[in-house]
Asker: 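Below you will find the structure I want to go over with you.
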Amino acid sequence: MNNKITLALTKGRPLQDALALLSEIGILPAEDIPKSRKLVFDTNQPNLQLMVLRSIDVATYVEHGIADMGMAGRDVLLEQGEQGYYQPLDLKIGVCDMMVAVLEEGYDPDRQNPSRLKVATKFVNIAKRYYAEKGQQVDIIKLYGAMELAPVTGLAHQIVDIVETGNTLRANGLIAIEHIADISTRLIVNKTSLKMKYERIHQITHDLSQVVSSS
Ligand code: PRP
């Protein structure tokens, strides 16, 4: 195993917050990541590179040891089973909630759900576990985005999705009715990397935890 540390970040919305955290511990990419089409970036620190991936792929790269560390949303980690890596730190960025939501119009909390509830989500495993724990039989409809449209169009009775500001729910006439999980970005670490590159990984984790706890 070489001495280089590779840290995988999630592209898109979470990237700016992740880069801000890294800059607070003195790690700066050698170029402007959001403006680049590259996927791997050197930094101002020797032997530390950043990899920018889709959220769903960060844990896979860490689990297989291609990336030593990663920053990934707990929504995706929960969906994938939270296995195969250490999860030492809640980075307290990307904070939101995994919720059940329904159409506000006609919603009556005292009314029984239909015997076969239809639930649209991209978080199929989270939804399956949640309804199974409640003892509720459901048909899960897998979507890849714009979940809020499902109850509006009659595709599903409920959705399971992340809610940050609540603006998307409100704009589409939906309300959140049940809380499934607190979500935020987590630091994850490959198990072998932690043994082989302990000092560097421990230092980065420690520095990040100092920043997170002081904010
Ligand atoms: C996410 C999520 C909601 C929205 C919640 O979608 O699926 O639609 O953000 O944020 P809010 O509570 O602040 O409105 P995203 O923008 O990631 O796109 P997606 O539909 O492709 O998942």
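Every value quoted in this text rests on a predicted model; they were computed, and no experiment measured them. In listed order, ligands and their atoms are each counted from 1.
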Asker: Would you check if there is a donor-acceptor pair between the side chains of Tyr198 and Gln203 at a distance under 3.5 Å?
Answerer: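 No donor-acceptor contact under 3.5 Å links the two side chains.
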
Asker: Can you list the residues that meet the side-chain hydrogen bond (donor to acceptor under 3.5 Å, both in side chains) rule with Glu164, with sequence neighbours excluded?
Answerer: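 By the side-chain hydrogen bond (donor to acceptor under 3.5 Å, both in side chains) rule, Glu164 matches Arg13.
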
Asker: Do the charged groups of Lys35 and Asp32 touch, with an N to O distance under 4.0 Å?
Answerer: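 So Lys35 pairs with Asp32 through a salt bridge.
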
Asker: Just grab all the salt bridge (charged side-chain N to carboxylate O under 4.0 Å, His left out) pairs involving residues 170-182, residues at least two apart or on different chains.
Answerer: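 Listed by first then second residue: Lys134-Glu178.
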
Asker: Quick one: pull up CG in Leu187 and CG in Asp90 and give me the separation to the nearest 0.5 Å.
Answerer: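 Atom-to-atom, Leu187:CG and Asp90:CG are 10.0 Å apart.
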
Asker: Taking any residue with a non-hydrogen atom under 4.0 angstrom from an atom of ligand 1, which ones do you get?
Answerer: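 The answer is Arg13, Lys122, Gly145, Ala146, Glu148, Asp161, Ile162, Val163, Glu164, Thr165, Gly166, Asn167, Thr168, counting any residue whose heavy atom sits under 4.0 Å from ligand 1.
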
Asker: Could you pull out all residues at least two apart from Asn44 that satisfy side-chain hydrogen bond (donor to acceptor under 3.5 Å, both in side chains)?
Answerer: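 Residues passing side-chain hydrogen bond (donor to acceptor under 3.5 Å, both in side chains) with Asn44: none at all.
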
